[in-house]
*Asks:* 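Here it is, the structure, as structure tokens.
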Amino acid sequence: MQNEKKTRQKLIDSAKKEFLAKGYAKASLRSICADAGLTTGALYFFFENKEDLFSAIVDPPLGGLKSILFQHFRDDEEEMSGIESIDDIDMDHTEISDRIVGYIYENYDSFMLLLTASENTVYENVVDEFVTMLERSIPPMMADLKGYTYDEYMSHWMAHISIDSFIHVIKHEKDVEAAKVRLRAILNYLVTGWVQLVMVKQ
């Protein structure tokens with residue numbers, strides 16, 4: 001069992017190097033096996049195909065990021081419970097911004113693979129999923145706000161802007177501390193946008 005775990009991890013490590021170097025389309029399963037010192041038969045014992053191998057690299061960190069965001073949304077909903085005025089909303093999201101950035105940079109290669117080396121459909125599906133998560137998080141937070149309604153169109157737009165902002169910094173800033181500084185300011189700015197554009201006074 002332990003040997004199987006080590007063999008599987010060898011394939012994942014070699015695949016990560018191959019995908020980063022050549023991109024998803026040009027990555028060779030034979031090259032991956034050669035780098036890992038294993039046969040293609042060993043690869044197919046653990047993975048169905050290239051897509052399955054790619055998923056083994058990017059899915060675990062993606063799942064971790066989703067868990068962080070789900071918890072954040074639950075915490076925000078709890079904090080906003082009973083808030084009746086938009087002026088009482090806490091606009092400082094520095095803590096969650098630093099946590100998200102720290103987690104992404106701990107798994108930087110996997111996230112960069114997702115953003116740069118995968119086929120467009122994989123990337124687009126992930127972006128759509130995170131946009132949907134953001135959109136769905138807002139209405140429950142507004143449950144107790146009196147005199148406000150939810151602008152669905154602006155929510156969708158703001159969700160895309162928020163995701164794109166994180167992607168831009170991650171792609172262009174290699175240093176985690178510099179990325180934290182950038183994204184603290186960006187996220188706090190975006191929170192203001194969510195409040196002013198999505199929570200519309202009736």
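Along the sequence shown, residues carry numbers from 1.
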*Asks:* Do Leu197 and Val200 sit in one hydrophobic cluster, given that two such residues count as connected whenever their side-chain heavy atoms are within less than 4.5 Å of each other, even indirectly?
*Replies:* no

*Asks:* Hey, what do you get for CD (Glu18) to CG (Asp13), rounding to the nearest 0.5 Å?
*Replies:* 13.5 Å

*Asks:* Decide whether Leu43 and Phe45 are clustered together by the hydrophobic rule: side chain heavy atoms of Ile, Leu, Val, Met, Phe, Trp, Tyr closer than 4.5 Å, transitively.
*Replies:* yes

*Asks:* Find out whether Leu190 and Ser165 are in side-chain contact, i.e. whether some heavy atom of one side chain is under 4.5 Å from a heavy atom of the other.
*Replies:* yes

*Asks:* Tyr44 versus Leu29: any side-chain heavy-atom pair under 4.5 Å?
*Replies:* yes

*Asks:* To check you understand the geometry: which heavy-atom pair defines the closest contact between Tyr148 and Met142, and what is its length?
*Replies:* CB-CE, 4.2 Å

*Asks:* When you measure from the side chain of Lys50 to the backbone N and O of Ala27, does any donor-acceptor pair fall under 3.5 Å?
*Replies:* yes

*Asks:* Apply the test side-chain contact (heavy atoms from CB on, under 4.5 Å) to residues Ser110 and Leu114: give CA-CA distance (whole Å), side-chain angles for both, the deciding distance (0.1 Å), then the verdict.
*Replies:* CA-CA 6 Å; Ser110 295; Leu114 186 64; over 6 Å; no

*Asks:* Apply side-chain contact (heavy atoms from CB on, under 4.5 Å) to Thr192 and list each qualifying residue two or more places apart in sequence or on a separate chain.
*Replies:* Met91, Gln196

*Asks:* Give me the atom names and distance for the closest heavy-atom approach of Ile57 to Lys16.
*Replies:* CD1-N, 3.7 Å

*Asks:* Quick check: closest heavy atoms across Val101 and Ala179, and the distance to 0.1 Å?
*Replies:* CG1-CB, 4.0 Å

*Asks:* Tell me whether Gln9 at atom CD has more than 12 heavy atoms from other residues, nucleotides or ligands lying less than 6.0 Å away.
*Replies:* yes

*Asks:* Nearest heavy-atom pair of Leu53 and Phe47: which atoms, and what distance?
*Replies:* CD1-CE1, 3.5 Å

*Asks:* So, taking the atom named CG in Leu187 and the one named NZ in Lys180, what distance separates them when rounded to the nearest 0.5 Å?
*Replies:* 14.0 Å

*Asks:* Should Ile104 and Val181 be counted in the same cluster of Ile, Leu, Val, Met, Phe, Trp and Tyr side chains packed under 4.5 Å apart?
*Replies:* no

*Asks:* Can a donor-acceptor pair be found, under 3.5 Å and without considering hydrogens, that links the side chain of Asp35 to the backbone of Ser31?
*Replies:* no

*Asks:* Return the CD1 to CG distance between Ile32 and Leu38, rounded to the nearest 0.5 Å.
*Replies:* 11.5 Å

*Asks:* Can you pull out every salt bridge (charged side-chain N to carboxylate O under 4.0 Å, His left out) where at least one residue sits in residues 60-78? Sequence neighbours excluded, please.
*Replies:* Lys66-Glu129

*Asks:* Tyr105 versus Glu177: any side-chain heavy-atom pair under 4.5 Å?
*Replies:* no

*Asks:* Working note: Ser137 + His72, criterion side-chain contact (heavy atoms from CB on, under 4.5 Å); need CA distance, chi angles, decisive distance, verdict.
*Replies:* CA-CA 10 Å; Ser137 72; His72 168 63; over 6 Å; no

*Asks:* Using 0.5 Å steps for rounding, measure from the CZ atom of Phe130 to the CD1 atom of Ile167.
*Replies:* 9.5 Å

*Asks:* Is there a donor-acceptor pair under 3.5 Å between the side chain of Glu135 and the backbone N or O of Ala159?
*Replies:* no

*Asks:* Could you tell me whether Gln71 atom CD has more than 12 heavy atoms of other residues or ligands within 6.0 Å of it?
*Replies:* yes

*Asks:* Would the distance check show the side chain of Ser97 and the main-chain N or O of His93 forming a donor-acceptor pair, the cut-off being under 3.5 Å?
*Replies:* no

*Asks:* Taking all atoms of both residues into account, what is the closest heavy-atom pair of Tyr108 and Ile170, and its distance?
*Replies:* OH-O, 2.9 Å

*Asks:* Report yes or no: does Tyr103 contribute a side-chain atom to a donor-acceptor pair with the main-chain N or O of Pro61 at less than 3.5 Å?
*Replies:* yes

*Asks:* Taking everything shown except Tyr189 itself, do over 12 heavy atoms lie less than 6.0 Å from its OH?
*Replies:* no

*Asks:* Taking it one step at a time, do Val169 and Ile186 satisfy side-chain contact (heavy atoms from CB on, under 4.5 Å)?
*Replies:* CA-CA 10 Å; Val169 173; Ile186 290 169; 3.7 Å; yes

*Asks:* Kindly determine whether Met199 and Ile89 satisfy side-chain contact (heavy atoms from CB on, under 4.5 Å), including the steps that lead there.
*Replies:* CA-CA 12 Å; Met199 302 175 185; Ile89 296 173; 3.9 Å; yes

*Asks:* When rounded to the nearest 0.5 angstrom, what is the spacing between CZ in Arg184 and CG in Asp98?
*Replies:* 4.0 Å

*Asks:* Between Leu11 and Phe46, what is the shortest heavy-atom contact and its length?
*Replies:* CD1-CD1, 3.9 Å

*Asks:* Measure the acute angle between the ring planes of Phe54 and Phe19, then classify it against the limits of 30° and 60° as parallel, tilted or perpendicular.
*Replies:* perpendicular

*Asks:* Could you grab the distance from atom NZ of Lys171 to atom CG of Leu115, nearest 0.5 Å is fine?
*Replies:* 6.0 Å

*Asks:* Compute whether any side-chain donor of one residue and acceptor of the other, for Trp194 and Ser162, lie under 3.5 angstrom apart.
*Replies:* yes

*Asks:* For a side chain to side chain contact (heavy atoms under 4.5 Å, CB included) with Val131, tell me which candidate from Met158, Arg136, His160 qualifies.
*Replies:* His160

*Asks:* Are the side chains of Leu134 and Phe73 in touch, meaning some heavy atoms are under 4.5 Å apart?
*Replies:* yes

